[in-house]
Novice: 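Please find one structure pasted underneath; my questions will follow.
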Amino acid sequence: LSLALGTIASVLPKDFKWGTATAAFQVEGAWNVSGRGQCIWDYFQSFPGRIYMNETAHVADDLYHRYPQDIQIMNTLGIPNLRVSISWTRILPTGDVNNVNQAGVDFYNQLFDALLAAGITPWVTLFHWDLPQTYNNFTNQSTWLNPDVANKFNDYADFCFNTFGNKIKHWITMNEIQTFTWIGYGVGTHAPGRCSPSWGSWCAEIGGGGNSSTEPYIAAHNALIAHALAVQTYRNKYQKAQGGKIGMTISSAYAEPWNISEPQDHNAVDVAVAFQYGWFGDPQVFGHYPKEMTDRITGGRLPAFNESMSALLKGSYDFLGLNYYTSSYVHYTGVPGDNFGNDGRFWSSATNATGHLIGPYADSTWLNVYPPGFRKILRWIKNRYNDPHIYVFENGVSCPGESQLPPALALNDTFRMNYVFDHIMEMVDAVLHDKVKVKGYFLWSLLDNFEWTDGFNVRFGITYVDYNNNLTRTIKDSGYMYQNLIQSLGETTGSSENSIGLSERF
Ligand code: GBH
């Protein structure tokens, strides 16, 4: 092990960033405290049957009140970076910048100050899915379907840069546009809960309706525009004075051919990744959607960027973000479809043509452990986008059966230890052999938390949270393993990625 760690230490850039990641709605709780406004997830979770056991994030991990203790955990483990998100409606209860909730602003100032005082750098996501409910009028002209919401987001981002930009040097505009649009407007099982009637009857009740074959593309389009506007605002008004960096993070599974001897299945791999990472990577880097998508999404359902927006999007990043968890086998079907799932004309499966499982199941139904996919997608990003700086903003796992175990046993999370170690090794190989410019790694997550539709039934934390015992926190074995790893590898503190040293070492 020490040999392996020694190798990593000499391979990774000197100022490689190690961190953990969280999101406001999943950890903060304090949902109706001190003037916080309601977001679409507050509304969505109130419908019976939407969340496991009808649990809610009203209290969640109560990080709002307990952050000093959580900073203590970061300190104990020697983790120098924490990714958090800002709850839009905690600082702007109606979403609108003309209505500021000072108590919310104070909370984030206190949180950031406490982190910085502890030597921990906060990295801030502006949007991790908790859109103001005031922008939801249950029609196809609301939430991210309304182009004006992009302007509202830009105003909110402007407010954040202006208010917190002296402390925050790394901004992530959006977390996983694919997830909140495809699941929120296609499948309908995330807020705002829209989908075609044939996809689920609940969508009429919660989201007011929907069209799974068009709305995910429209919502994603507007979110991309929102990103471009916010980056423009940052660059025009703040970046020079504040000296920070900005980008977004994109979730993507990798894929392997279902039938290894079928060329169409190999082709389906590229299409599958283009439909996920490329959907948001291409617009940022090239200013337009992937050809893989424009070729296949028929009937004018994929919007196009006009010339000025295309120009604004092109280059709207200082780094590219990646959230990687899993991979699947993909098989070309050739059947044109009228919804997202078929637009790529492939289907995916955890097993291949010979029945081989791509990797062990985690506790989450969608997550099979496949570390090689991590290296492969890093390489894919490097090759497609001309060798960008990449941050891994999420990587982590839920352990099979973990939530059923008594706390004392859940602490021994060998499954997670293996997952994290194996993935970091793949990342190191990507840097060492493929020369991918990975600049940081954020483990999801610091704490067990509200896992969206899975409620508290699925745990991703390196810290156990006892929901039956006053939200007591206990560090799991994986937390100590991560501590050792970071300690062995080190990090040059105080240096920003502006400083030289990284690419020069490759
Ligand atoms: C991340 O998404 C999220 O950013 C984070 O908030 C979350 O806590 C973490 O995952 C762990 O789940 O239910 O079959 O429709 C990771 C990518 C994409 C994984 C959507 C779950 C839903 C599949 N996610 N996917 S399904």
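First listed ligand is number 1; within each ligand, the first listed atom is number 1.
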Novice: Answer yes or no for H190: is there a heavy-atom contact with ligand 1 below 4.0 Å?
Specialist: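 Distance cut 4.0 Å: H190 fails for ligand 1.
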Novice: Compare Q178, E451, E394 and give the one whose heavy atom is closest to atom 11 (C) of ligand 1.
Specialist: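 Nearest heavy atom to atom 11 (C) of ligand 1 lies in E451.
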Novice: Which class fits the ring pair F456 and F450: parallel under 30°, tilted 30 to 60°, perpendicular over 60°?
Specialist: perpendicular
Novice: For the residue pair N323 and E176, confirm or rule out a side-chain donor-acceptor distance under 3.5 Å.
Specialist: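 Yes, side-chain donor-acceptor contact under 3.5 Å.
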Novice: Work out whether the distance between some heavy atom of I183 and some atom of ligand 1 is less than 4.0 Å.
Specialist: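 Yes; I183 lies near enough to ligand 1 that a heavy-atom distance drops under 4.0 Å.
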Novice: Which residue, W129, Y135, F25, W88, forms the side-chain contact (heavy atoms from CB on, under 4.5 Å) with C39?
Specialist: F25
Novice: Is W129 close enough to touch ligand 1? Criterion: a residue heavy atom under 4.0 Å from a ligand atom.
Specialist: yes
Novice: Could you identify the single nearest non-hydrogen protein atom to atom 17 (C) of ligand 1 and state the distance to 0.1 Å?
Specialist: E176 OE1, 3.5 Å
Novice: Going by the closest heavy atom to atom 9 (C) of ligand 1, which one wins out of F460, Y325, W366?
Specialist: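 That would be Y325.
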Novice: May I ask you to check whether N449 has an N/O atom sitting below 3.5 Å from an N/O atom of ligand 1?
Specialist: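 N/O-N/O distance under 3.5 Å: no.
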Novice: Salt bridge (Lys or Arg N to Asp or Glu O under 4.0 Å) for E28 and R90? Distances and angles first, verdict last.
Specialist: CA-CA 10 Å; E28 282 181 7; R90 194 179 291 290; 2.8 Å; yes
Novice: Indicate whether the side chain of N211 and that of S213 have a donor and an acceptor atom separated by less than 3.5 Å.
Specialist: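 Looking only at side-chain atoms, S213 and N211 do form a donor-acceptor pair, the distance falling under 3.5 Å.
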Novice: Could you tell me whether W444 and ligand 1 have an N or O pair separated by under 3.5 Å?
Specialist: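 Min N/O separation from ligand 1 is below 3.5 Å for W444.
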Novice: For the residue pair Y441 and N395, confirm or rule out a side-chain donor-acceptor distance under 3.5 Å.
Specialist: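 Looking only at side-chain atoms, N395 and Y441 do form a donor-acceptor pair, the distance falling under 3.5 Å.
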Novice: Which atoms of ligand 1 are found less than 4.0 Å from any heavy atom of Q26?
Specialist: 5 (C), 6 (O), 7 (C), 8 (O)
Novice: Heavy-atom distance to atom 24 (N) of ligand 1: which of T365, T179, T326, V458 wins?
Specialist: T179
Novice: Which residue, D448, D454, D466, forms the salt bridge (charged side-chain N to carboxylate O under 4.0 Å, His left out) with R459?
Specialist: D448
